[in-house]
Amino acid sequence: MQLLMLGVGSSAGTPMLGCDCDTCTSTDTRNNRTRCSSVITLDNGKVILIDTGPDLRLQSLRAGLTHLDAVLYTHTHADHIHGIDDLRAFCQIQRAQIPLYGSHETVAHISGKFGYTLREPSNFWDLPVLKANAVDGPFNLFGQTIIPIPLKHGNSDIYGYRVGDIAYLTDVSLIPESSLLLLQGLKVLLLDCLRPTAHYTHINLEQSLEYAGLIKAKSTYLIHMTHQLEYVALSAQLPDNVFVGYDGLKVSAT
Ligand SMILES: [Zn+2]
Ligand SMILES: [Zn+2]
Ligand SMILES: [Zn+2]
């Protein structure tokens with residue numbers, strides 16, 4: 001099983017419009033962060049996208065991604081969902097409806113704001129042809145168990161996901177005890193790490209490292225970072241098994 005980080009940026013992306021700080025003006029491409037999304041390829045070749053951020057089209061072009069079998073949604077903030085229309089290209093190529101999975105709240109939001117994307121397959125492929133499925137516990141997708149991981153994101157209840165020995169936890173301010181129990185024996189953990197200073201709806205660097213130490217995945221990769229975290233400087237201060245994620249980084253859990 002493989003995971004490709006399509007984007008590891010926060011909602012503003014890096015470089016941030018109008019900013020000339022060291023990270024935003026860096027020539028190191030690992031400081032170029034599009035909005036947060038990853039894609040997992042199962043051993044049977046099925047491709048599962050996590051979230052559809054506003055950079056989805058460019059991310060897909062960059063990664064040579066031309067096939068998708070399903071989308072898992074973590075929550076409905078703009079930086080995780082507003083690229084939903086770009087799924088149209090995959091429906092057109094595949095001539096198939098793409099299933100989406102998320103919490104009841106996420107599915108209700110998609111139905112309310114992006115209802116035009118929820119269509120049954122016909123001869124018309126100029127719009128996305130998607131089917132939204134609400135999940136509230138582990139489910140089977142293409143022979144693989146997918147475990148939604150309940151997380152707190154400020155006042156919101158959102159999902160992370162565990163797929164085999166990979167877990168994806170973005171936009172988290174607190175991981176409940178019961179969810180920590182679902183995160184044992186991980187090979188790869190992707191973990192929110194917004195910035196050095198505290199934030200109401202996200203864990204900061206110190207809290208990310210605390211959780212990484214608690215969860216003890218074989219490797220932890222920090223994601224959803226703002227421009228306040230510079231790749232080289234941050235890498236130098238991390239424990240051995242914690243790494244700074246970057247757009248285009250591919251990790252394997254086999
Ligand atoms: Zn976000
Ligand atoms: Zn900046
Ligand atoms: Zn969010």
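Remember, it's 1-based here, ligands and their atoms both numbered in the order they're listed.
The six-membered or imidazole ring of Y73 lies away from that of Y101, with a centre-to-centre distance of 6.0 Å or more. In this structure, H82 has its ring center at least 6.0 angstrom away from the ring center of H77. Under the 6.0 Å cut-off for aromatic ring centres, H109 and H75 do not qualify, their centroids lying 6.0 Å or more apart.
Looking at D79 and S11, their side chains never bring a donor and an acceptor atom within 3.5 Å of each other. Between T106 and S103, the side chains place a donor N or O and an acceptor N or O closer than 3.5 Å (distance only, hydrogens not considered). For the residue pair H202 and N204, no side-chain donor N or O sits within less than 3.5 Å of a side-chain acceptor on the partner.
A salt bridge does not link R33 with D247: none of the charged nitrogens is closer than 4.0 Å to a carboxylate oxygen. With respect to R162 and D165, a salt bridge is recorded, a charged nitrogen being found less than 4.0 Å from a carboxylate O.
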Practice problem: Evaluate ring-ring contact (aromatic ring centres under 6.0 Å, His included) for F243 paired with Y221, printing each intermediate quantity in order. | Solution: CA-CA 5 Å; F243 307 93; Y221 295 87; 5.3 Å; yes
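Tally of protein N, O or S atoms closer to the Zn ion (ligand 3) than 2.8 Å: 4.
Shown here are the protein N/O/S atoms lying under 2.8 Å from the Zn ion (ligand 2), water excluded: C19 SG, C21 SG, C24 SG, H227 ND1.
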